[in-house]
Amino acid sequence: DAKTTQPNSMESNEEEPVHLPCNHSTISGTDYIHWYRQLPSQGPEYVIHGLTSNVNNRMASLAIAEDRKSSTLILHRATLRDAAVYYCILGLSNFGNEKLTFGTGTRLTIIP
Amino acid sequence: KAGVTQTPRYLIKTRGQQVTLSCSPISGHRSVSWYQQTPGQGLQFLFEYFSETQRNKGNFPGRFSGRQFSNSRSEMNVSTLELGDSALYLCASSIQGAGGSPLHFGNGTRLTVT
């Protein structure tokens, strides 16, 4: 399974944008890039996913490098509620292969 | 729309016992997958069910098993419990289970084996 590499931790000031990087140099052409986040005592929460093009939703934006070997999750204006562990993972697009591999994630701390 | 529901929320068992965990997916979701989360190993994939059939399996011993019912509800069973089985067990559902479908997680069952 293709792996992802993320920094262990990051800090950001409240109300500023946050850019969370992820490297996935062994990504295959059919791998979707997913981002999830996990708050304490909760299950992971879906944030965003994409295949080739940049994606935006109400929570965040996903910027995918042209060669797809890296991506960046962008939180446009961090709040204290965004403090969580963020996971970047790859999911195969082939129907019937639900086997997402989670790494250790990035622990994001928001400074008031 | 109700989210993914896992029961019970907490469980304490003794070594050698067995345990059954339950997961009710979001209505309309046909794929249910299970994950084990521990501080040392992070989130590890156990198995995935789609339309009552196990489609994928992670690298866990045969003591870990599961099943899915016709209403998509799923159960996970762990037999002959070991201390190392203490973990947060998470269930996730998705519409069809392919990599392009977002996973929706429950809040997990915290299992403690003593």
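Lettering follows sequence order; numbering is per chain, from 1.
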> What do the steps show when you test A/Tyr87 against B/Leu43 for side-chain contact (heavy atoms from CB on, under 4.5 Å), and what is the final call?
Replying inline: CA-CA 10 Å; A/Tyr87 295 98; B/Leu43 270 155; 4.1 Å; yes
> Which distance, rounded to the nearest 0.5 Å, do you find between the CZ of B/Phe105 and the CD of A/Gln42?
Replying inline: 13.0 Å
>> Looking at B/Arg15, I want to see if its CZ is surrounded by more than 12 non-hydrogen atoms of other residues, nucleotides or ligands under 6.0 Å.
In response: no
> Taking everything shown except A/Arg68 itself, do over 12 heavy atoms lie less than 6.0 Å from its CZ?
Replying inline: yes
> Which atoms form the tightest heavy-atom contact between A/Ser41 and B/Arg9, and what is the distance?
Replying inline: O-NH2, 3.2 Å
> Quick one: do A/Met10 and A/Leu80 end up in the same hydrophobic cluster if we chain Ile, Leu, Val, Met, Phe, Trp and Tyr together by side-chain heavy atoms under 4.5 Å apart?
Replying inline: yes
>> Is any side-chain heavy atom of A/Tyr46 closer than 4.5 Å to one of B/Leu103?
In response: no
> Is it the backbone or the side chain of B/Gln37 that comes under 4.5 Å from a heavy atom of chain A, or both, or neither?
Replying inline: side chain
> Same hydrophobic cluster for A/Leu39 and B/Val4, using side-chain heavy-atom links shorter than 4.5 Å among ILVMFWY?
Replying inline: no
> For A/Gly43, does its backbone N or O pair with a side-chain atom of B/Asn107 as donor and acceptor, under 3.5 Å?
Replying inline: yes
> Should we count CG of A/Asn8 as having more than 12 external heavy atoms under 6.0 Å?
Replying inline: no
